[in-house]
Colleague: 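One structure, pasted below without further comment.
The figures that follow rest on heavy atoms only: side chains count, while hydrogens, waters and symmetry mates do not. Here is how names work: the chains are called A, B, and so on, in the same order as the sequence lines, proteins then strands, and each is numbered from 1. The shown structure was predicted, so the numbers you read here are calculated from the model rather than taken from an experiment.
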Protein chains: 2
Amino acid sequence: MSKAAIVSMHVIRRLPSYYRCLKELQKNSVNKISSSELSEKIGVSESQIRQDLYNYGNFGKQGYGYDVIKLYNALKRILGLDKTYNTIIIGAGNLGQAIANYTDFEEIGFNLKGIFDINPRLFKIKIRDAKIMDINILEDFLATNKIDIAILCIPRDNAQVIADRLTKCGIKAIWNFSPIDLKVPDDVILENVQLSDSLFTLSYRLNEDDLFKRIKKEK
Amino acid sequence: MSKAAIVSMHVIRRLPSYYRCLKELQKNSVNKISSSELSEKIGVSESQIRQDLYNYGNFGKQGYGYDVIKLYNALKRILGLDKTYNTIIIGAGNLGQAIANYTDFEEIGFNLKGIFDINPRLFKIKIRDAKIMDINILEDFLATNKIDIAILCIPRDNAQVIADRLTKCGIKAIWNFSPIDLKVPDDVILENVQLSDSLFTLSYRLNEDDLFKRIKKEK
DNA sequence: TAGATTGTTAATCGATTAACAATC
DNA sequence: TAGATTGTTAATCGATTAACAATC
């Protein structure tokens with residue numbers, strides 16, 4: 001089991017798109033927005049937007065709507081984006097390197113402190129400010145560096161073993177790109193990005209009409 | 001709007017983890033599995049597994065359970081993984097290149113036919129079998145090559161324009177990695193992988209306890 | 001004050017779980 | 001035949017939508 005959230009995950013997963021929208025509005029110097037205008041932009045009902053925000057407090061004014069800057073800052077705080085986080089990447093393959101190179105995350109406060117791999121040929125290579133290190137020194141590294149988030153980009157087979165080592169060292173959040181349903185302790189936050197699951201969902205939907213035509217015929 | 005699915009997306013998004021599990025079982029030469037055993041492995045209730053499968057037909061035997069190979073093949077077919085797909089990647093930045101290099105997708109039938117970018121310095125570079133080409137020839141390329149899925153890995157600002165060009169050329173499925181809520185015609189399938197949204201959800205959850213302590217205090 | 005829009009409760013809808021008859 | 005487990009309907013639970021009082 002992974003840590004359970006207080007608010008429904010349905011709500012939580014909508015917050016980033018609210019945040020993205022408010023960020024854009026703010027950039028465009030819009031001062032004010034109503035839930036019905038937001039609804040149109042984001043594709044979520046206005047009722048749901050108000051209901052979602054209601055979980056966290058009152059950010060609007062009756063008869064007026066929401067002050068863009070105020071709501072933007074509220075969402076930023078709610079999402080924990082007013083803080084910074086130290087991260088490490090496990091696995092310096094294509095995906096690991098791509099994420100290491102993706103400077104957008106750095107800009108918003110996710111600071112990459114190191115990369116780990118088993119391949120000695122990669123050791124001492126630097127990706128931006130982060131060294132690629134031997135996975136064998138993982139425990140030592142974590143004992144002397146305060147890391148908030150471990151980003152797992154390794155093949156399926158080793159993923160659970162590495163996850164166990166990470167949580168044993170006190171890592172409290174794993175961003176998992178390995179195609180496996182990891183088991184982590186109750187107090188650890190696990191966020192999965194299953195690229196292949198996403199791709200399979202796409203191929204499913206490309207075929208759904210045909211599938212049901214075939215199912216109908218077979219009856 | 002993007003194309004609506006026949007079966008609930010809740011069900012569809014569980015199918016890949018069923019598929020992954022059955023693939024593993026098959027590899028380990030397990031012959032038989034019951035919904036309650038599957039439930040334990042996947043972390044979904046046995047009732048839900050039976051209910052989900054029920055959408056697509058009857059794959060088990062009363063008093064016995066499911067034949068692993070039979071259910072595996074059924075899921076493969078349901079997910080459309082018994083076919084092959086031609087893909088292109090738009091955007092040869094870090095993420096685009098990482099996906100291009102990710103041979104796992106190729107092995108299961110997603111064949112990369114080309115990569116497009118605006119940066120002339122990248123043209124003619126090959127990533128595995130796929131050339132990086134000028135985005136200006138996108139329309140020509142699509143007129144002469146049957147492409148099933150476009151993988152969008154470009155910055156936010158151009159994403160909608162490129163999506164419009166793709167759908168105008170008859171592309172019926174977009175796997176979108178750009179951090180933007182794209183608008184596509186009703187008959188186009190849009191599958192989003194919002195990496196930053198996923199990371200924001202993670203930072204939210206790292207802070208949720210504190211957040212609610214603060215909210216409580218403010219009352 | 002009148003109009004607008006939030007905050008918040010109540011009603012509805014849909015997804016999940018429970019139950020059990022069918023049947024291997 | 002007895003035991004087990006699916007297929008399938010019914011009951012429950014939770015999420016979304018609707019409604020409207022509060023109030024700017």
Colleague: With side chains defined as the heavy atoms from C-beta onward, is the minimum distance between B/L75 and B/F59 less than 4.5 Å?
Modeller: no

Colleague: Suppose we call two aromatic rings close when their centres sit under 6.0 Å apart. Are A/W175 and A/Y85 close by that rule?
Modeller: no

Colleague: Looking at B/D67 and B/K61, is there a salt bridge between them, counting it only when a charged N and a carboxylate O are closer than 4.0 Å?
Modeller: no

Colleague: In which ranges does DNA chain C form stems of 3 or more consecutive Watson-Crick or G-U pairs, distances under 3.5 Å?
Modeller: C:3-24 with D:3-24

Colleague: What is the distance, rounded to the nearest whole Å, between atom CD of A/Q48 and atom C1' of D/dA19?
Modeller: 16 Å

Colleague: What residues form a side-chain hydrogen bond (donor to acceptor under 3.5 Å, both in side chains) with A/S34, not counting sequence neighbours?
Modeller: A/S36, A/E37

Colleague: Return the set of residues passing side-chain hydrogen bond (donor to acceptor under 3.5 Å, both in side chains) with A/E139 (not counting sequence neighbours), or none when no residue passes.
Modeller: A/R165

Colleague: Is it the case that more than 12 heavy atoms not belonging to B/I118 sit under 6.0 Å from its CD1 atom?
Modeller: no

Colleague: How would you list, by chain and number, every residue that makes a side-chain hydrogen bond (donor to acceptor under 3.5 Å, both in side chains) with A/N31, sequence neighbours excluded?
Modeller: none

Colleague: Going by heavy atoms closer than 4.0 Å, what residues in residues 7-31 of chain A are next to DNA chain D?
Modeller: A/S8, A/H10, A/R14

Colleague: Is the shortest heavy-atom distance from the side chain of A/R50 to the side chain of A/S35 under 4.5 Å?
Modeller: yes

Colleague: Assess, by modelled atom type and distance only, whether the side chains of A/D52 and A/Y18 contain a donor and an acceptor separated by less than 3.5 Å.
Modeller: yes

Colleague: Below 4.5 Å, heavy atoms only, C-beta onward: do B/T84 and B/N111 meet side chain to side chain?
Modeller: yes

Colleague: In whole angstrom, what separates B/D52's CG from C/dG14's C1'?
Modeller: 14 Å

Colleague: If a protein heavy atom is under 4.0 Å from the base, mark B; if only from the sugar-phosphate, S; if neither, -; do that for nucleotides 4-10 of chain C going 5' to 3'.
Modeller: BBBBBBB

